[in-house]
Amino acid sequence: MNLKKFDIVPSPWRGYVASLLSVAITTALILWGRHLLTQPDLVMLYLLPIMLVSFLYGPAPSLLAAALSVIAYNFFFIHPYFILALSDPRSSLTVAILFIVGIVINTLLTHIRRQKQEAWERERQTNALHQLGREVMTTLDEKEVSHIITQQAAHLFGGEAAICQEQDDGQWSRVAATPELFSLADSEWVLLHWSSAHRQIAGRGSGQLSDSAFTALPLFTSRTLGVLLLRVLDRTFLDASHAHFMEAFARQASLAIDRAKLAEEARTAAVRANEEALRGTLLSMVSHDLRTPLATIIGSGTTMKEDAGSLNPLQRQVLLESICTEAERMERLITNLLDMVRLESGGCRLRPEWVPFEEMAGSALVRLEKRCQERRVNVQVDENVSLLYVDPIFFEQVLVNLLDNAIKYTPVGTTITWQLKSLGDRVLITIEDQGEGIPADSIERIFEKFVRGEGTAIPGSGLGLAICRGVVRAHGGTIVAANKPSGGAEFRIELPHPPLPPDIYQHERVNQATEEELLS
Amino acid sequence: MNNTACRILLVEDELQMRRFLRTALTARTFEVTDATTLREARLYATAHPPEMILLDLGMPDGDGIDFTRELRGWSQMPIIVISARGKEDDKVAALDAGADDYLTKPFGINELMARIRVALRHASLRQNGPILETMLEVGPLRLDPVRREVLLSGRPVTMTPIEFRLLLFLARNAGRVLTHRHILKEVWGPNDTHQTHTLRVFMAQLRRKLEPDPAHPQLLMTEMGVGYRMRDSWE
C-alpha cells in the first residue's frame with residue numbers, strides 16, 4: 001500500500017553497497033583512462049561517487065563513499081602505489097582536502113535533502129488534513145462523519161482506526177471503525193480513558209502507556225467528543241516528529257464531529273420546539289375551546305339567575321338556546337378528547353364484527369341529523385360488500401367525525417356523497433363533499449392532532465380527523481385526503497376485507513328461497 | 001297515563017344531577033324520591049315501591065347491574081339506567097339483566113321524558129296482561145299478527161317468516177331499546193347460536209323493504225354497540 005510512498009530512505013545496506021560499487025567503478029574508470037588525466041583531475045573525479053551516494057542514499061553511505069575514495073586514491077594513485085601510506089606531504093594534503101570536501105558536500109546535500117523531504121511531508125500532511133476537511137463537509141450526520149474520519153485515518157496512517165465514545169454508564173463503545181471488524185481488547189479502555197481525561201495522545205509512539213498496541217488521540221473541542229484510536233502500521237508516524245501532525249489530524253476530526261453534533265442538536269431542538277408548539281396548541285385549545293362554551297354557559301346562566309325581570313321571554317329563550325348549543329359543543333369536544341386518549345393509551349381493544357356499512361352510516365347520520373341541516377347525504381353501497389369487518393362503535397365514530405368535518409367546511413345546500421366499493425380483498429370508502437376543498441399546504445397534516453384548517457373561525461378541536469386515522473390504522477387500513485379536480489374534498493378509506501363467514505351466505509340463501517316461496 | 005300519582009325513585013349520587021332531574025321531573029308532575037346510595041335505594045324500593053326507577057350505573061357503593069338483577073327477582077317495575085358514553089358494555093349488561101332502557105349522559109329532558117313514557121306504557125301493558133292484538137300501528141307501519149300482513153303507508157310489503165317475526169317483536173316493543181341478544185333469543189329461539197351479524201343482515205333487509213332511504217333510517221334505529229329500537233314518536 002502507501003507505505004512505499006514514504007520510503008524515501010531505503011534500508012541502509014543498499015547505500016553502503018552502492019558506496020562500495022560507485023567508488024570501485026570510479027577507480028576502475030580512472031585506472032582505464034589514467035594516461036589522459038592529471039593528478040588534480042583524479043581527485044575531482046573521486047568527488048563524483050561521494051556526491052552521487054550522498055544525493056541518493058543519505059549521509060552515512062556517503063561518508064563511507066568519502067572514506068573509500070580517500071583509501072582508493074591513496075592506494076592506487078599516490079606514490080608508493082598499492083600501499084596505504086602517505087610519504088609525500090603534498091599527497092597528504094590532497095587526501096585530506098578530498099576527504100573534507102566529501103564531507104562538506106555530504107553535509108550540504110543532506111541538508112537540502114532534509115529540507116526537501118520536510119517540505120514534501122508538510123505538503124502531504126496539509127493535503128491529508130485538507131482532504132479530511134473536504135470529505136467530512138459532505139455530511140452532517142455524526143455517524144457518517146465518524147466513519148469518514150476512521151477511513152481517512154486508516155488510509156493515512158496505514159493501519160486501522162476507530163472512534164470510541166464514553167457512554168453515560170462509563171462504558172466505552174465504538175462509534176465507527178475502519179475496517180469494520182477493528183478489534184479492541186477490553187483492557188484498552190484504560191488507554192481511552194487516560195487520553196480522554198487528560199486530552200493528550202497516549203499509547204504507542206507517545207510518552208504515556210506506550211506499551212499498548214494502539215495510539216489514542218483525544219477528540220475534543222470545548223467539550224469531550226471521544227477518542228480516535230489508531231493501530232499504526234507505518235512506523236514513521238510513531239516518531240515524535242509526527243506527533244504534531246497526529247494532533248492536527250485529531251483537531252480537524254474533532255471540529256468535524258463537533259459540527260455534526262451541533263447540527264444534530266439543532267435538529268433535536270427543532271423537533272422539541274415542534275413538540276412544545278404542539279403542547280402549546282393543546283393548552284391553548286383546552287383553554288380556548290373548552291372555555292369559550294363555558295363562558296357562554298356561565299354568562300347566560302348568571303344573566304338569567306340575576307335577572308330582576310328585565311329580560312323578555314324572547315331574550316330568555318335566546319340565552320337558553322345558547323346554553324344548550326354550547327354545552328353540546330363541549331360534549332363533542334370532550335368525547336373526541338376521550339376517544340383520542342383511549343386510542344393513544346392503547347387501552348382499548350377493537351372488537352370487530354360483520355356490520356352493514358349502511359347501518360353505521362345510518363347511525364352516524366341520525367346522530368348528526370340536526371347539524372346536517374339542508375345538506376344532502378347520498379350513500380351508495382356496492383351490493384357485493386355491504387358488510388364490513390370493523391368495530392362498529394369506533395367505526396361509526398370515524399363516519400361521524402368525517403361527516404362532522406364535511407358539515408363544518410361545506411355550505412348549506414350541497415351534497416355529501418359516501419360510497420362503498422369492493423377492491424377484491426380490500427374495500428374502499430370515499431367521502432366526497434362540494435365545499436372549497438382542503439388548503440394544499442395542510443393536506444398532508446390534517447390527520448395530525450390539533451391541526452386545524454388555517455385561519456379558520458370554525459370551532460373544532462383538531463382531533464376529529466386524528467381519531468379517524470387512529471381508528472382506521474388500528475383496523476389495518478389507510479385514510480388519505482385529497483381535493484377533487486371538480487372541486488371539493490375527498491377522503492378515501494381503504495380497509496382489509498376478509499372473506500365472509502359461511503353462515504351469512506347460508507342465511508341469505510335460505511332467506512331468498514323463502515322469499516321466492518312467498519312470492520309464488 | 002296519570003302522572004299525578006306516578007312516583008319515581010331516583011338513584012343518583014351526584015348532587016347537581018339529582019337537582020336537575022328532581023326539578024325537571026317535579027315540574028312534569030312526577031313525585032321524586034332521591035336515593036344517594038344503592039343501600040338507600042334498596043330500602044326505598046322495598047318499603048315504598050315506586051312506579052319506576054331511574055338508576056345511575058356508577059354508584060359508589062355497588063354495581064347497578066347487580067342491583068337491577070336483584071330487583072328483577074321480585075319486581076317488574078320499569079328501570080331506566082343512566083350511564084356514560086363509552087360504557088356500552090355496561091348498558092348491554094344492565095339491559096340483559098332486566099333494565100327497560102338506558103340514557104347516555106349527557107341527555108336532554110325530551111329524551112328522558114320519551115324514555116319514561118315508553119317504559120311506563122310497556123309496564124302498564126305488562127300489568128294488564130297480554131291483550132289480543134288485532135292490529136299494531138307504529139308510525140306509517142301497520143302489522144296484522146294473525147294474518148301476518150305488513151302495510152307500509154297503506155301498501156302491502158312481503159316478508160319472510162323470520163323478517164316478520166323480527167319486525168313484530170320490534171313493533172311490540174316500539175320505543176324501547178332491544179339488545180342484540182334479546183332479539184336473537186326472541187326471534188330465533190333461546191337455543192339458537194346465531195351471532196349478531198346474522199341479526200344485522202336481517203335488519204339491513206328490513207330497512208331496504210321499509211325505509212325510503214335505508215342509509216338514513218326513520219323507523220328502525222340502530223343503538224350502536226347495544227341493539228335496535230323501533231321509533232315510536234312521530235310528530
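By convention in this document, chain letters (A, B, ...) are assigned in the order of the sequence lines, proteins followed by strands, and residues within each chain are numbered from 1.
- Counting heavy atoms of neighbouring residues, nucleotides and ligands inside a 6.0 Å radius, atom CZ of B/Arg19 does not exceed 12 of them.
- For B/Arg18, the CZ atom counts as densely surrounded, since its 6.0 Å shell holds more than 12 non-hydrogen atoms of other residues, nucleotides or ligands.
- The part of B/Thr196 that comes within reach of chain A is its side chain, from C-beta onward, which places non-hydrogen atoms under 4.5 angstrom from that chain.
- No other option in A/Ala364, A/Ala361, A/Pro356 has as many heavy-atom pairs under 4.5 Å with chain B as A/Pro356.
- Interface residue B/Arg208: only side-chain heavy atoms are found under 4.5 Å from chain A.
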* Verdict with reasoning, A/Ile393 to B/Glu88, per side chain to side chain contact (heavy atoms under 4.5 Å, CB included) -> CA-CA 9 Å; A/Ile393 296 172; B/Glu88 268 66 26; 3.7 Å; yes

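- A salt bridge is absent between A/Glu358 and B/Arg207; no separation between the charged side-chain nitrogens and carboxylate oxygens falls under 4.0 Å.
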* **Pair B/Asp89-A/Arg351, side chain to side chain contact (heavy atoms under 4.5 Å, CB included): steps then yes or no** => CA-CA 12 Å; B/Asp89 290 354; A/Arg351 286 187 298 191; 2.8 Å; yes

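- One distance of note links NE2 of B/His216 with SG of A/Cys372; it measures 7.0 Å at 0.5 Å rounding.
- Once rounded to the nearest 0.5 Å, the distance linking CE of B/Met224 with CD of A/Glu396 reads 4.5 Å.
- When heavy atoms are compared at a cutoff of 4.5 Å, A/Glu369 approaches chain B solely by way of its side chain, counted from C-beta outward.
- Under 4.0 Å is where a charged nitrogen must lie from a carboxylate oxygen, and between B/Asp213 and A/Arg376 no such pair does.
- Side-chain contact between B/His197 and A/Leu387: absent, with no pair of heavy atoms (C-beta onward) separated by less than 4.5 Å.
- Atom OG in A/Ser363 sits 8.0 Å away from atom CE in B/Met221 (nearest 0.5 Å).
- Between A/Glu359 and B/Arg200, the shortest heavy-atom contact is OE2-NH1, 2.9 Å.
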